[in-house]
There are 2 protein chains.
Amino acid sequence: MAKILIIEDEISISKMIAYDLRQFAHEVTIETDGLMGYKRAQNEPFDVILLDLMLPSMNGIDICKKLRAKDSSAYIIMLTAMDDELHKLEGFDVGADDYVTKPFSPRELAARIRAGLRRKTVKEEPNSMVYEDITLDLSSHEVYRGDQLVPLTLKEFELLEFLVKHKGQALSREQLLTKLWGYSYDGDTRVVDVHIFKLRDKLDPKQEFIKTVRGIGYKLL
Amino acid sequence: MAKILIIEDEISISKMIAYDLRQFAHEVTIETDGLMGYKRAQNEPFDVILLDLMLPSMNGIDICKKLRAKDSSAYIIMLTAMDDELHKLEGFDVGADDYVTKPFSPRELAARIRAGLRRKTVKEEPNSMVYEDITLDLSSHEVYRGDQLVPLTLKEFELLEFLVKHKGQALSREQLLTKLWGYSYDGDTRVVDVHIFKLRDKLDPKQEFIKTVRGIGYKLL
DNA sequence: CCTTTTTTTATGGAATTGTTAAGATTTTGT
DNA sequence: ACAAAATCTTAACAATTCCATAAAAAAAGG
């Protein structure tokens with residue numbers, strides 16, 4: 001489910017769209033004023049923004065331009081009235097990802113939003129990984145065991161990330177060294193053991209998840 | 001200090017808010033009933049009115065509409081439950097100046113009230129971001145820590161703005177340099193450290209908010 | 001029960017960040 | 001246009017954190 005912002009002054013339209021989107025468990029926010037909408041778009045991390053062209057206090061084109069000038073990562077869909085073809089063009093110049101002409105069917109809009117979301121998720125890397133009750137937040141570099149924040153050092157974090165990414169695989173010390181320490185690493189192969197120990201100490205004291213594969217290395221169940 | 005009216009039927013919430021606000025020497029009045037609250041709002045010159053949406057005998061939306069219709073000069077902040085996004089919309093149509101979704105932190109509410117009071121006296125368009133009790137006024141380029149104006153240089157301001165906009169994310173020095181200094185910047189990467197140091201010095205001497213992510217860069221909690 | 005491998009602990013040193021100050025650059029005031 | 005002031009950048013040193021190594025203790029395997 002995604003965070004979606006609708007900036008549209010015709011309340012009947014925005015309510016209809018919002019109703020449909022909420023059916024798909026999306027979190028929908030509506031703004032009727034251009035400037036207010038722009039401010040929210042700027043300050044909250046929306047996944048998709050539906051943007052009407054004609055708006056009070058600030059029009060859709062300017063909003064789109066400004067959002068792109070900053071580095072909003074939102075997928076922006078412009079809503080245009082049938083006849084302003086010219087504006088449609090500008091909409092694209094301006095950094096919109098897609099456009100829909102009014103009147104449109106809810107189905108079509110929903111499909112375009114889904115397409116946008118897919119594209120967005122493919123484009124961006126996943127920003128969190130979950131393993132059992134351990135959550136790795138890649139953007140904030142935080143790790144939680146349940147809802148307990150567990151401070152890890154960089155190497156510990158990278159090691160855990162690699163383990164989770166390859167869970168189930170037995171990973172040799174050499175593999176870990178070349179991937180996490182770099183291909184030209186020529187130090188002691190036992191470095192890995194020490195970091196595994198520290199990871200276990202912080203996250204898995206009972207060695208429930210991080211198993212040692214004798215003669216090889218380690219693996220995450 | 002200001003006269004503040006809280007219209008909220010959940011006594012635990014209103015008492016908590018009132019307690020916090022009185023710490024700042026504000027004069028706080030509480031009403032639990034919609035109609036009663038409306039009457040007081042009409043008859044006394046409050047600077048700020050905190051208005052719950054769902055209230056007995058008269059809801060927040062109607063109160064707000066009627067007060068605006070009379071042209072009460074109060075700065076009205078709507079308190080909305082997380083999920084009634086639709087009501088939030090109506091709240092704006094209706095002339096509220098700001099809104100806060102429950103649950104909210106006392107700090108954030110206090111900051112928004114201060115922002116409202118400032119705006120009320122200076123009468124300028126607010127284009128502001130609020131983080132904890134730090135308010136960033138983007139149009140005047142002013143930053144407040146609580147009530148206190150904190151003079152920042154341009155780079156410090158931009159840095160803070162970027163941190164707030166990406167709060168929670170660990171931001172690398174390279175990211176900050178390319179976004180804030182420009183894509184072609186080729187100087188020392190430690191410039192960032194110095195500016196972080198100065199920002200902390202002015203806004204966060206105890207390093208409560210601006211955390212360093214060793215091996216990466218910095219992040220705002 | 002002896003050997004091999006892994007776990008655990010301790011420590012010096014390397015790398016990263018904090019802090020300060022001085023020089024360079026830009027902005028402001030006159 | 002010039003001088004003064006403010007801000008930014010760089011460099012150097014201090015403080016801190018983290019990592020790699022070594023080496024002892026424990027466990028596994030035969």
Side-chain angles (χ1 to χ4, degrees), chain A residues 141-143 149-163 170-221, chain B residues 141-143 149-163 170-221:
Chain A
H141 267 248
E142 285 174 337
V143 173
L149 178 65
V150 181
L152 297 185
T153 69
L154 186 59
K155 271 271 141 58
E156 287 159 8
F157 186 89
E158 291 173 340
L159 180 55
L160 177 62
E161 183 184 348
F162 194 81
L163 286 174
L171 302 163
S172 70
R173 291 181 179 73
E174 286 71 21
Q175 263 180 297
L176 293 167
L177 281 173
T178 51
K179 291 292 181 183
L180 299 177
W181 273 256
Y183 288 91
S184 55
Y185 187 85
D186 65 340
D188 194 344
T189 177
R190 311 253 91 226
V191 193
V192 178
D193 300 38
V194 176
H195 281 92
I196 287 282
F197 168 70
K198 293 190 168 167
L199 242 192
R200 280 172 167 163
D201 195 33
K202 291 179 178 177
L203 275 175
D204 187 25
K206 288 169 189 164
Q207 305 197 10
E208 298 169 283
F209 308 130
I210 304 173
K211 298 291 184 186
T212 106
V213 184
R214 199 181 169 83
I216 305 288
Y218 301 90
K219 77 171 170 184
L220 198 66
L221 281 187
Chain B
H141 264 245
E142 284 175 334
V143 173
L149 177 65
V150 181
L152 295 186
T153 68
L154 183 59
K155 274 270 140 59
E156 287 161 7
F157 186 89
E158 291 174 339
L159 181 54
L160 178 62
E161 183 185 348
F162 195 81
L163 287 173
L171 302 164
S172 70
R173 291 180 179 72
E174 286 72 20
Q175 263 179 297
L176 293 167
L177 281 172
T178 51
K179 291 293 181 182
L180 265 35
W181 272 256
Y183 287 90
S184 55
Y185 187 85
D186 65 341
D188 194 344
T189 177
R190 299 293 311 278
V191 195
V192 177
D193 299 38
V194 176
H195 285 277
I196 287 281
F197 170 72
K198 293 188 168 168
L199 242 192
R200 280 174 168 162
D201 196 32
K202 291 179 178 178
L203 274 176
D204 186 26
K206 288 170 189 163
Q207 304 193 190
E208 298 170 283
F209 308 130
I210 304 173
K211 298 289 184 187
T212 111
V213 185
R214 186 165 248 265
I216 306 286
Y218 301 91
K219 75 174 169 185
L220 197 66
L221 281 188

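Bear in mind the structure is a predicted one, so any value in this text is a computation, not a measurement.
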So which heavy atom on [X] is nearest to which on [Y], and how close?
| X | Y | value |
| --- | --- | --- |
| A:Asp188 | A:Leu177 | O-CD1, 4.4 Å |
| A:Val191 | A:Trp181 | CG1-CZ2, 3.9 Å |
| A:Asp204 | A:Ile210 | OD2-N, 2.9 Å |

Rounding to an integer number of Å, can you tell me how far B:Leu177 CG sits from D:dC8 P?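 Result: 14 Å.
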
Can you confirm whether more than 12 heavy atoms, excluding those of A:Lys202, are under 6.0 Å from its NZ atom? yes

Reported CG-to-CG distance for the pair B:Leu203 and B:Leu160, which is rounded to 0.5 angstrom: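 Here the rounded value is 6.0 Å.
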
Report the distance from atom CD of B:Glu174 to atom OG1 of B:Thr189, rounding to the nearest 0.5 Å.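 One gets 4.5 Å once the value is rounded to the nearest 0.5 Å.
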
Nucleotide by nucleotide, nucleotides 15-25 of chain D touches protein heavy atoms under 4.0 Å in the pattern (B base, S sugar-phosphate only, - none) -BBSSSB----

Just to be sure I understand the geometry, which residues of residues 199-207 of chain B put a non-hydrogen atom under 4.0 Å away from DNA chain C?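 Close to the strand are B:Arg200.
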
Positive for salt bridge (charged side-chain N to carboxylate O under 4.0 Å, His left out) with A:Asp193, one of A:Arg200, A:Lys198, A:Arg173: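 Running salt bridge (charged side-chain N to carboxylate O under 4.0 Å, His left out) over A:Arg200, A:Lys198, A:Arg173 with A:Asp193 returns exactly one hit, A:Arg173.
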
Residues in ring pair (Phe, Tyr, Trp, His ring centres under 6.0 Å) with B:Tyr218, at least two apart?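 B:Tyr218 satisfies ring pair (Phe, Tyr, Trp, His ring centres under 6.0 Å) with no other residue.
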
For B:Phe197, all residues meeting ring pair (Phe, Tyr, Trp, His ring centres under 6.0 Å), sequence neighbours excluded: none

Results of side chain to side chain contact (heavy atoms under 4.5 Å, CB included) for A:Leu154 - residues two or more places apart only: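 With neighbours one apart ignored, the set is A:His141, A:Glu158, B:Ile216.
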
Starting from the 5' end of DNA chain C, give me the residue, A:Gly217 or B:Asp193, whose nearest nucleotide shows up first. A:Gly217

Counting the atoms with a prime plus P, OP1 and OP2 as sugar-phosphate, which does B:Val192 contact under 4.0 Å by heavy atoms, base, sugar-phosphate, or nothing? nothing

Tell me what B:Phe157 touches on the nucleic acid: a base, only sugar-phosphate, or nothing, going by heavy atoms under 4.0 Å.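 It contacts nothing in the nucleic acid.
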
Outermost nucleotides of DNA chain C that come under 4.0 Å of a non-hydrogen atom of chain A: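 Contacts span C:dT4 to C:dT9, reading 5' to 3'.
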
